[in-house]
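As structure tokens, the structure follows; a few thoughts come after it.
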There are 4 protein chains.
Amino acid sequence: MPRLKEEQLQKIYEERKQQITLAAVKIFAQRGLPGTKISMITSKAGVSHGLFYHYFKTKEELFISLVREAVETSMQEIGNLSHLTASPIEKIRILTQGMLDESGAPYFMLLHRARNFEEVPEEVSQLIQNYPIEIYVERLLPIFQEGQQRGEVAGGNLTEMIANYLTVISGVMVLGSGYPTPQIDWLMRLVEKK
Amino acid sequence: MPRLKEEQLQKIYEERKQQITLAAVKIFAQRGLPGTKISMITSKAGVSHGLFYHYFKTKEELFISLVREAVETSMQEIGNLSHLTASPIEKIRILTQGMLDESGAPYFMLLHRARNFEEVPEEVSQLIQNYPIEIYVERLLPIFQEGQQRGEVAGGNLTEMIANYLTVISGVMVLGSGYPTPQIDWLMRLVEKK
Amino acid sequence: MPRLKEEQLQKIYEERKQQITLAAVKIFAQRGLPGTKISMITSKAGVSHGLFYHYFKTKEELFISLVREAVETSMQEIGNLSHLTASPIEKIRILTQGMLDESGAPYFMLLHRARNFEEVPEEVSQLIQNYPIEIYVERLLPIFQEGQQRGEVAGGNLTEMIANYLTVISGVMVLGSGYPTPQIDWLMRLVEKK
Amino acid sequence: MPRLKEEQLQKIYEERKQQITLAAVKIFAQRGLPGTKISMITSKAGVSHGLFYHYFKTKEELFISLVREAVETSMQEIGNLSHLTASPIEKIRILTQGMLDESGAPYFMLLHRARNFEEVPEEVSQLIQNYPIEIYVERLLPIFQEGQQRGEVAGGNLTEMIANYLTVISGVMVLGSGYPTPQIDWLMRLVEKK
DNA sequence: TATGAATGAGTATTCATTCAT
DNA sequence: GATGAATGAATACTCATTCAT
């Protein structure tokens, strides 16, 4: 019985933590670190503000862990591309889709905020510096190279093109709901061979 | 005698106000309304915090006036395009250049922040609602139409294309210094006839 | 379980609020709105300044609610007179006593300050305008009339006499501790039939 | 010629000083020391706020000098009564009139504020303590005594009656414009022999 | 675990006062 | 003498965080 109870508690613990985290991602993404008040997170999560501190040490700590999660997720998604059985251009399309996808956007937005704006905790700066755009470019290079060889991807300096491409997609993703989201096919014009 | 003195005072007044405003635009653009502290603005402007309140009623009031200025400037720049003697595709290139230009970026960033993020004062929401993307699209439509007729601009629904194009350019601009800025020629692939 | 806890919290809430309110009334009465610093209130109430804002939105809001309370209390006290079984002149004496009573004085002082001095919030001005002296006069008129009929109250225009009488009592009350407080019997000379 | 110029300057100096002083008395009387902003005084006086400091060292210094002036004036007015050729009750009536007179009221109000309310500078406290009500009572005693002997003034303890009387008149005076001002004849009921 | 009362560091804002012109 | 730009101490208010229950 104590075992059961413990398990239940554990389950509640995880559920609550997830509940607060989900609320936090969205609000951090939309308002940034200084614009996000603990009360916004807890009221969106439907719990008291005191409860926040049962699950997280500080607001910054949560922000840091979210950014870390975002970095890891994004690296992983790129890694997953290699294992797909699809043509290079298809992989690029899938990546684009994934980045613009509603569910992923908040995490990317968080990364963006960490990368550019706010006064972020030192730990976040470190994290971001360890994963500069160049790393993403490097990981994507094989896919683009194969695409170029196959004649699917436009010619030119690939390192530059991938960086530019990431910039554009990130930018679109960051803009959020105030702007229309372009069709993926249209965006593909940037990399497809004419 | 009083005339001269008055002029001098007027000059000092305008200079100081400008000095504080310039500091504020950059910081607001980078950190947003809640992330910007008065002390950041005044220390960057090299004045005491007290002086801020000699020139502006509140932090929000300054933010509002800057957003208003940004809205007006951006509308004006689009208006100016019509008067140029250049081909449509050239005009689009010039607009792109202008938007990505370093000096204009902070203002666009401000607009972006006002449009998406922060808890902005009601007055700003109003302002932004009065100038949705659609208005910009509408103003640019004649240029794109002419471009399409001349075979310079790709085919398809122009209203949609312009909106998408603005989204991409805005996104790139908003990303700022953490990302590489794409070459304009490369971005033009999105609208040029292949 | 939750029931009990809720009640306790409710009790603490009310007690603290009362504690702060009591401290505030006295200080507002003595020093007025601009002369009263939050720190005066909270240190007199023995709580941190932060707690003040847990219970009240702003200093002004508290002032407003206190003035409202004062208005209501004073109207009520006058209303209560009618239900007493006492001769008219006795009722007037009781009213006088009540107004000069130490415990009621701060509230009247607040009313006085709201009526005359300070830059008060619009809401207070409204409140005060809705309860001019004339309303008090009107409510007291029946008592004085009966007194005059019975030969207890001096002759003459009663509306004027009551207004004057209220002025004198209010004035005495407002002066506070710096001046000797006259005996009630002596003050009654103003309205008693010689 | 330099003499003349000096005189003129002197005249301007005195005029400006008077102009500011007059504005200050009224505002201090109405709003008290903390409720009075330098800008209120100077804008009412129609001068720049900087000019205030050509004529007065600090806001407090002006307040002190005004209270001193008020004390002296009030003592003087009471002293003047003795030299009048009028019956005692007439003198009391004249005193009452003088105190309630519009022009004198602000000074009395200042005294009142100094006596009761605000956090006043030590110097003011001293001044006020040196001139307690008792001194006024003492100075008025001969007049009331003569009045009692002549049968014009009601019987009873005169020291007490005078103190009470001063309290009532001060109170009425202090109330100011929010209340009706009683007729002097009616107030005289308090001291006249029935 | 859950709540909300309580605290205090940090910020925005006001306003007396100084000073160059 | 006169003005208003400039400063900084004082004050109102916010919000992350702690803690008793």
**OP:** Write down the atom of S48(C), the atom of T42(C), and the distance for their closest heavy-atom approach.
**Re:** O-CG2, 3.6 Å
Subject >> Distance below 4.0 Å between K59(B) side-chain N/O and dA12(E) OP1 or OP2 >> reply: yes
**OP:** Have a look at T36(A) and say if it touches a base, only the backbone sugar-phosphate, or nothing, with a 4.0 Å heavy-atom cut-off.
**Re:** sugar-phosphate
Subject >> Test side-chain hydrogen bond (donor to acceptor under 3.5 Å, both in side chains) applied to Q19(B) and E15(B), step by step >> reply: CA-CA 6 Å; Q19(B) 186 179 349; E15(B) 275 177 9; over 6 Å; no
Original post:
In whole angstrom, what separates F52(C)'s CZ from dA5(E)'s P?
Top reply: 16 Å
**OP:** Send over the distance from K17(A) NZ to dT1(E) P, rounded to a whole Å.
**Re:** 11 Å
**OP:** Take atom CD of E60(C) and atom P of dT14(E), then tell me their distance rounded to the nearest Å.
**Re:** 12 Å
**OP:** Please figure out whether H54(D) or G50(B) has its closest DNA chain E nucleotide nearer the 5' end.
**Re:** G50(B)
Subject >> Closest to side chain of T58(A), choosing from dT14(E), dT18(E), dT17(F) >> reply: dT17(F)
Original post:
Does L33(A) offer a backbone N or O that forms a donor-acceptor pair with the side chain of R113(A) under 3.5 Å?
Top reply: no
Original post:
When we call it a touch if two heavy atoms are under 4.0 Å apart, what does F56(A) touch: a base, just sugar-phosphate, or nothing?
Top reply: nothing
Original post:
With Q10(C), which of Q8(C), E6(C), E7(C), E14(C) fulfils side-chain hydrogen bond (donor to acceptor under 3.5 Å, both in side chains)?
Top reply: E14(C)
Original post:
Distance from S65(D) atom OG to E123(D) atom CD, nearest 0.5 Å?
Top reply: 10.0 Å
Original post:
Does OP1 or OP2 of dA2(E) have a side-chain N or O of R16(A) closer than 4.0 Å?
Top reply: yes
Original post:
What nucleotide, of dT17(F), dA6(E), dT21(E), holds the atom closest to the side chain of Y53(A)?
Top reply: dT17(F)
Original post:
Within this structure, what is the CG-to-C1' distance between L51(A) and dT1(E), rounded to whole angstrom?
Top reply: 7 Å
Original post:
NE2 of H49(B) versus C1' of dA9(F): gap in Å, rounded?
Top reply: 8 Å
Subject >> dT21(F) pairs with, by Watson-Crick or G-U criteria that keep both distances under 3.5 Å >> reply: dA2(E)
**OP:** Report the distance from atom CD1 of I12(C) to atom P of dT21(F), rounded to the nearest whole Å.
**Re:** 8 Å
Subject >> Between C1' of dT13(E) and NZ of K37(D), the distance in whole Å >> reply: 12 Å
Original post:
Looking at dT7(F), dA6(E), dA2(F), which one has an atom nearest to any side-chain atom of Y55(D)?
Top reply: dA2(F)
Original post:
In terms of side-chain heavy atoms of S48(C), which of dT21(F), dT7(E), dC15(F) is nearest?
Top reply: dT7(E)
**OP:** Can you tell me the pairing partner of dT7(F) across any strand shown, Watson-Crick or G-U wobble, with both distances under 3.5 angstrom?
**Re:** dA16(E)
Original post:
Just how far, in rounded Å, is P of dT13(E) from CD1 of I38(B)?
Top reply: 6 Å
**OP:** Scan Y13(D) against the nucleic acid and name what it touches under 4.0 Å (heavy atoms): base, sugar-phosphate only, or nothing.
**Re:** sugar-phosphate
